[in-house]
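Computed from heavy atoms alone, side chains included, the values below leave out hydrogens, waters and symmetry copies. Each residue takes its place number in the sequence, starting with 1. All of these numbers come straight from a predicted model, not from anything done at the bench.
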Amino acid sequence: MDEAATVYRVVDTKPEGRSRPVPPVVLALRRLPNPRLTGIGAGLFAAATMFALACLIALLFDGSATVFGVLFLPVSALTGLWVRPADLVTAPIIVPIAFAVGIIPISGGEGGFAGQTMALVTALAVHAGWLYGGTLVAGLIATVRKVRLMRQRQRQRRAVSGSQVARNKDEPGPRRPRH
């Protein structure tokens with residue numbers, strides 16, 4: 001039995017009509033999920049993910065704050081990427097709260113509420129570098145997304161106003177009544 005395989009080349013067409021091949025990395029990234037979470041949804045995602053990761057770290061890595069900090073960075077990036085455009089300002093606010101929620105299982109406090117609170121505050125102070133790094137990642141991603149969104153809207157406005165100007169040049173002006 002003779003089988004033939006057909007190979008299709010994926011191309012990305014530009015407005016000028018030219019086409020170029022799309023890199024395989026871009027194709028792989030396009031297959032990833034691309035949710036758009038509200039501010040509250042992104043906060044719940046980040047906090048729940050960090051808490052679950054901290055519980056796993058407490059079990060597998062004996063509560064290593066370094067592993068927690070390293071895993072906090074991609075969660076911060078995903079939070080910045082997945083928050084919807086209307087809630088972009090919430091991304092750098094959400095991730096520090098998620099860090100604080102997540103570090104509770106690995107902070108190591110003893111002796112009731114006061115001991116837990118002191119351990120949490122100490123862990124936040126000692127691991128502030130990871131906290132600032134994740135906040136910076138989420139903030140940069142949200143800022144870049146916002147700037148791109150603003151430029152896109154500006155281009156759309158220019159295109160609409162340019163087409164209106166061209167249309168007005170082609171149409172005769174209003175006729176004045178003769179008296």
Side-chain angles (χ1 to χ4, degrees), residues 7-57 65-104 123-171:
V7 178
Y8 294 99
R9 186 173 165 192
V10 179
V11 293
D12 186 17
T13 58
K14 289 187 175 184
E16 297 87 19
R18 292 179 286 148
S19 64
R20 61 183 173 89
V22 178
V25 173
V26 174
L27 292 174
L29 289 174
R30 286 182 183 170
R31 286 191 298 263
L32 290 175
N34 192 17
R36 290 294 169 223
L37 302 172
T38 63
I40 293 173
L44 288 172
F45 160 74
T49 303
M50 290 313 301
F51 188 80
L53 286 173
C55 291
L56 276 172
I57 291 167
T66 304
V67 175
F68 179 80
V70 168
L71 293 175
F72 176 63
L73 298 177
V75 171
S76 298
L78 287 176
T79 302
L81 287 171
W82 287 352
V83 70
R84 69 183 183 161
D87 295 328
L88 281 172
V89 71
T90 62
I93 298 167
I94 291 167
V95 292
I97 296 169
F99 187 89
V101 168
I103 207 161
I104 292 171
L124 288 172
V126 170
H127 305 294
W130 293 112
L131 178 61
Y132 292 148
T135 305
L136 182 65
V137 166
L140 285 175
I141 290 173
T143 301
V144 168
R145 285 185 59 205
K146 185 65 173 180
V147 168
R148 290 182 67 196
L149 183 66
M150 290 169 51
R151 285 184 182 166
Q152 180 183 9
R153 287 180 183 165
Q154 188 178 26
R155 272 187 256 131
Q156 288 173 349
R157 283 191 203 122
R158 284 183 184 163
V160 168
S161 66
S163 65
Q164 288 176 351
V165 168
R167 190 175 36 214
N168 290 341
K169 286 182 182 179
D170 294 339
E171 296 176 2

When you look at CZ of R148, are more than 12 heavy atoms from neighbouring residues, nucleotides or ligands closer to it than 6.0 Å? no

Heavy-atom count around L56 CG within 6.0 Å, excluding the residue itself: above 12? yes

From [X] atom [atom1] to [Y] atom [atom2], the distance as rounded to the nearest 0.5 Å:
{"X": "L88", "Y": "L149", "atom1": "CG", "atom2": "CG", "value": "7.0 Å"}
{"X": "F51", "Y": "I104", "atom1": "CZ", "atom2": "CD1", "value": "7.0 Å"}
{"X": "R145", "Y": "Q152", "atom1": "CZ", "atom2": "CD", "value": "11.5 Å"}
{"X": "M50", "Y": "C55", "atom1": "CE", "atom2": "SG", "value": "11.0 Å"}
{"X": "R151", "Y": "Q154", "atom1": "CZ", "atom2": "CD", "value": "8.5 Å"}
{"X": "L53", "Y": "I103", "atom1": "CG", "atom2": "CD1", "value": "12.5 Å"}

If I compare all heavy atoms of [X] with all of [Y], which pair ends up nearest, and what's the gap?
{"X": "P74", "Y": "L71", "result": "CD-O, 3.3 Å"}
{"X": "G133", "Y": "L73", "result": "C-CD2, 3.8 Å"}
{"X": "G134", "Y": "S76", "result": "O-CB, 3.3 Å"}
{"X": "G39", "Y": "I94", "result": "O-CD1, 3.2 Å"}
{"X": "A142", "Y": "P92", "result": "CB-CD, 4.5 Å"}
{"X": "D87", "Y": "L37", "result": "OD2-O, 4.4 Å"}

Does the pair T79 and T49 meet the rule for a side-chain contact (heavy atoms from CB on, under 4.5 Å), with working shown? CA-CA 10 Å; T79 302; T49 303; over 6 Å; no

Do the side chains of T66 and W130 get nearer than 4.5 Å, heavy atoms only? yes

Less than 4.5 Å apart, any side-chain heavy atom of V137 and any of V95? no

For P85, is there any backbone N or O sitting under 3.5 Å from a side-chain donor or acceptor partner on R36? no

Parallel, tilted or perpendicular, as decided by the 30° and 60° cut-offs, for the rings of F99 and F72: perpendicular

